[in-house]
Number of protein chains: 2
Amino acid sequence: MLSLTEENYLKAIYHLSNDGTKGVTTNMLADQLSMRAASVTDMIKKLATKDVISYEKYKGVNITPAGKKIALYIIRKHRLWEVFLVDKLKFQWDEVHDIAEQLEHIKSELLIKRLDEFLDYPSVDPHGDPIPDEHGELAVAKKLQIAECLPGQLMQVIAVDNSDAQFLKHLDRIGIYLGAKVKVLETVEFDGSVEIEIDRRPSVYISKQTAENILVTEK
Amino acid sequence: MLSLTEENYLKAIYHLSNDGTKGVTTNMLADQLSMRAASVTDMIKKLATKDVISYEKYKGVNITPAGKKIALYIIRKHRLWEVFLVDKLKFQWDEVHDIAEQLEHIKSELLIKRLDEFLDYPSVDPHGDPIPDEHGELAVAKKLQIAECLPGQLMQVIAVDNSDAQFLKHLDRIGIYLGAKVKVLETVEFDGSVEIEIDRRPSVYISKQTAENILVTEK
DNA sequence: AAATTAATTTAGATTTAACTAAAAATATTT
DNA sequence: AAATATTTTTAGTTAAATCTAAATTAATTT
Ligand SMILES: [Mn+2]
Ligand SMILES: [Mn+2]
Ligand SMILES: [Mn+2]
Ligand SMILES: [Mn+2]
């Protein structure tokens, strides 16, 4: 049984490892968790003894199959709670992440089973991220950043790659939501910003950073 | 802001103090929390510096108005979550207490406001305990133990004084639920057990301990 | 291949929340 | 009023999770 702190480290490792496909360095973790490298070294040693990651001094860590399973279950809980907050409690999509950070650590398998049922087995969270199933399986849809699209392409927003309230509120202001239809008009060489048309309304410019965090699929 | 541990101590103090009306000793707390007296002494010193209790060496503690307000807010959260679990997620009344012990520490005022709304402003939890309102006001109904009733009295079950799963499952087996009509037939001098009739079915005996934990009102 | 820089680990310290054992204060019994 | 028992506190330890500063290892530049 992992502590809340250990769960947060493991989840961070999972995310940074790109679904367990890449190694994760001490500094990457320190950065992600706003913690000092020395603290991270201590914790990864502990997690390695629990066999949820493998660790070689100075070589970084890799998540193990057991660790990945636990990480995906935490992510499942996080995303189910986000759906609950938005669908049932009428929260906005920019308000739910921090609360879900707390709720994801509640321990009760039955609770999550019942919550899933109550929410009618959702497959994605309010930001378009897929919800792992009970067996830890993740449906991966291929997503493109708006920043990568070519002028003329007509796309549909299927997810966002960032759950910061500031970013999501910005999307609200410019009229982006999951399901919105976006036509890419032009990419500005100078600063990487992109001119887009959302749901056939007058076009707007979005910054490179914004365009990299909006994920779309061909429509 | 109190830590999870401090919140649990404060809640225990509130409960043991009978709504803040009585002092609470070190040993009472150690007992309630399954902790050593020395640990309790440390923690009550800390809580006293935070002005949620007053403490005099060797004299035990008293909860302050500020402490009572915080305790009632934790209890409010606990009971609202229990209603959620039973009403929305179809849990049994004996399954919810331990999960609510975790959920009560989630920090978000908005979450509790929205949950209350979602549950349509319930006034009691699944065990008949009143839910403090947003201002920390508690509606106190006067409740009688079955053990205190006189033979011949017709009563209605309005609450239970114990949320242990074993006790609640026992009530399920003998047919006691909130709202059940109970006729007290006889009190056995020898062991304090009580013969009762539930919803006009054939009479049963319940132990003194059981009779002390079922709360009723005249019907 | 040195020298320098960057990343990582080690050593030692701190805080929180627990513990045991011993001391001190209070309460009860004789 | 002593003696005894009980309760509570103090003193010193431990484990978890952090930190800073110093040492070590690895990577990069000259
Ligand atoms: Mn989130
Ligand atoms: Mn978390
Ligand atoms: Mn409860
Ligand atoms: Mn609790």
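Bear in mind the structure is a predicted one, so any value in this text is a computation, not a measurement. Computed from heavy atoms alone, side chains included, the values below leave out hydrogens, waters and symmetry copies.
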Grab the two heavy atoms, one from A:Pro126 and one from A:Leu178, that are nearest each other, plus how far apart they are. O-CD1, 3.3 Å
For A:Asp129, give me all partners under salt bridge (Lys or Arg N to Asp or Glu O under 4.0 Å), at least two apart in sequence or on another chain. none
Send over the distance from B:Ile44 CD1 to D:dT10 C1', rounded to a whole Å. 13 Å
Dump every N/O contact between nucleotides 18-21 of chain D and the protein below 3.5 Å, one line per pair.
residue	atom	partner	partner atom	Å
D:dC19	OP2	A:Arg36	N	3.2
D:dC19	OP2	A:Ser39	OG	2.5
D:dT20	OP2	A:Arg36	NE	3.4

Taking only side-chain nitrogens and oxygens of B:Thr26, does any of them come within less than 4.0 Å of OP1 or OP2 of D:dT9? yes
Taking atom NZ as the centre, does B:Lys208 end up with more than 12 heavy-atom neighbours from other residues, nucleotides or ligands that are less than 6.0 angstrom away? no
Interatomic spacing from CG in A:Leu110 to CD in B:Glu95 - rounded to 0.5 Å: 6.0 Å
For DNA chain C, which residues of residues 99-108 of chain A approach it to below 4.0 angstrom with any heavy atom? none
Centroid separation A:His78 to A:His97 less than 6.0 Å: yes
Polar atom pairs (N or O), protein with nucleotides 22-28 of chain C, under 3.5 Å:
residue	atom	partner	partner atom	Å
C:dA25	O4'	B:Tyr58	OH	3.3

For the CD atom on B:Gln209, are there more than 12 heavy atoms of other groups (residues, nucleotides or ligands in this structure) within a distance under 6.0 Å? no
Would you mind reading off the distance between A:Met28 atom CE and C:dA6 atom C1', rounded to a whole angstrom? 16 Å
In this structure, how many angstroms lie between the P atom of D:dA16 and the NZ atom of A:Lys45, rounded? 14 Å
Taken to the nearest whole Å, CD/B:Glu7 to C1'/C:dT16 is 15 Å
Pairs touching residues 51-62 of chain A that satisfy side chain to side chain donor-acceptor pair (under 3.5 Å), sequence neighbours left out: none
For the pair made of CG in A:Asn27 and P in D:dA26, what is the distance, rounded to whole Å? 15 Å
Please report the shortest heavy-atom distance between A:Leu103 and A:Leu85, naming the atom on each side. CD1-CD1, 4.5 Å
Report which part of the nucleic acid B:Thr41 touches: base, sugar-phosphate, or nothing (heavy-atom distance under 4.0 Å, all strands). base
Under 6.0 Å between ring centres, would you say that holds for A:Tyr14 and A:Tyr9? no
Please report, rounded to the nearest Å, how far the C1' atom of C:dT16 is from the NZ atom of B:Lys50. 10 Å
Do any side-chain atoms of residues 28-41 of chain A form donor-acceptor pairs under 3.5 angstrom with protein atoms, and if so which ones, sequence neighbours left out?
residue	atom	partner	partner atom	Å
A:Thr41	OG1	A:Ala37	O	3.2

